[in-house]
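Residue numbers count from 1 along this sequence. Read the numbers this way: they start at 1 and go in the same order the structure lists the ligands and their atoms.
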Amino acid sequence: MTDVPAHPFPYPFAEGKTALVVIDMQRDFIEHGGFGESLGNDVDRLAAIVPTVVDLLTLFREKGWPIVHTRECHLPDLSDCPPAKRDRGNPSLRIGEEGPMGRLLVRGSPGADFVPACAANPGEIVIDKPGKGMFWNTPVHQMLQQRGITHLVFAGVTTEVCVQTSMREANDRGFVCLLIEDATESYFAEFKAAAIRMITAQGAIVGWSTPFATFANAVR
Ligand code: TIU
């Protein structure tokens, strides 16, 4: 175990038992013309974390540690997209409709794929998930258990939606979770700050948080 300085107290990093989880670094959330922008959001806020996510990916790749990438997306017939999700709100385009990057959040559409800098390498796990959380209706729990993973380091978008949901799901399944603060972002600065506070409050009730540089210095 390596103690990583973190909030609310040092995170017990377990080499050999830890995977990086990069949540939904997809064009549909980060680039103009995608799902995120269709909901009325300023997507440029999210693009700003791409270099730090790349640094985190590079660190795990240099070490040969496991990496999981997730994509929020649906089958082309939308049979895994509940009407309650598709019909929510008043977006300019709905899930499954044709946009400038293809059908929004549909598996195989250019927009549903990763931004190029955060593409998965061969051998890394890619999980297509129909929900906000990474465990709902996916094989990821079994895949992590098969590899002896007990600790997860989180990055990606958006902090209070898919990242927080996935961390809560992971925490309930017994994983020891750390969020890299500058490798996650929200469309709302105040929601990112609040999510990090919620995750780390009450003695790390959901998990720990720390900046990338602090994590990298500790594990290198
Ligand atoms: N809208 C929003 O903030 N997020 C999502 O819809 N999905 C993810 O967080 N990936």
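Between the OH atom in Tyr187 and the OG1 atom in Thr158 there is a gap of 6.5 Å [rounded to 0.5 Å].
Residue Tyr187 places no N or O, backbone or side chain, under 3.5 Å from any N or O of ligand 1. Residue-to-ligand polar distances place Glu72 within reach of ligand 1: an N/O pair is separated by less than 3.5 Å. Looking at ligand 1, you'll find an N or O of Val157 within less than 3.5 Å of one of its N or O atoms.
With a 4.5 Å cut-off on side-chain heavy atoms, Val126 and Phe114 count as touching.
Using a 30° and 60° split on the angle between ring planes, Tyr11 and Trp208 fall in the perpendicular class, above 60°. Relative orientation of the Phe215 and Phe13 rings is perpendicular, given thresholds of 30° and 60° on the angle between their planes.
Among Leu105, Leu39, Leu46, the residue whose heavy atom sits closest to atom 1 (N) of ligand 1 is Leu39. Of all the listed residues (Glu160, Lys129, Lys85, Lys132), Lys132 holds the heavy atom that lies closest to atom 6 (O) of ligand 1. Nearest to atom 5 (C) of ligand 1 by heavy-atom distance, out of Phe29, Phe188, Phe191, is Phe29. Relative to atom 3 (O) of ligand 1, the option among Thr158, Thr70, Ile23 with the closest non-hydrogen atom is Thr158.
The Asp24 neighbourhood of ligand 1 comprises atoms 8 (C), 10 (N), with distances under 4.0 Å to a heavy atom of that residue. For ligand 1 and Phe35, the ligand atoms under 4.0 Å from any heavy atom of the residue are 6 (O).
The shortest contact between atom 8 (C) of ligand 1 and any protein heavy atom is with Cys162 SG, 2.7 Å.
In terms of the side chain to side chain donor-acceptor pair (under 3.5 Å) criterion, Asp182 has no residue partners (sequence neighbours excluded). Evaluation of the side-chain contact (heavy atoms from CB on, under 4.5 Å) rule for Glu62 yields Thr58, Arg220 as partners, not counting sequence neighbours.
Residues Thr200 and Ser209 bring no donor and acceptor atom of their side chains to less than 3.5 Å of each other.
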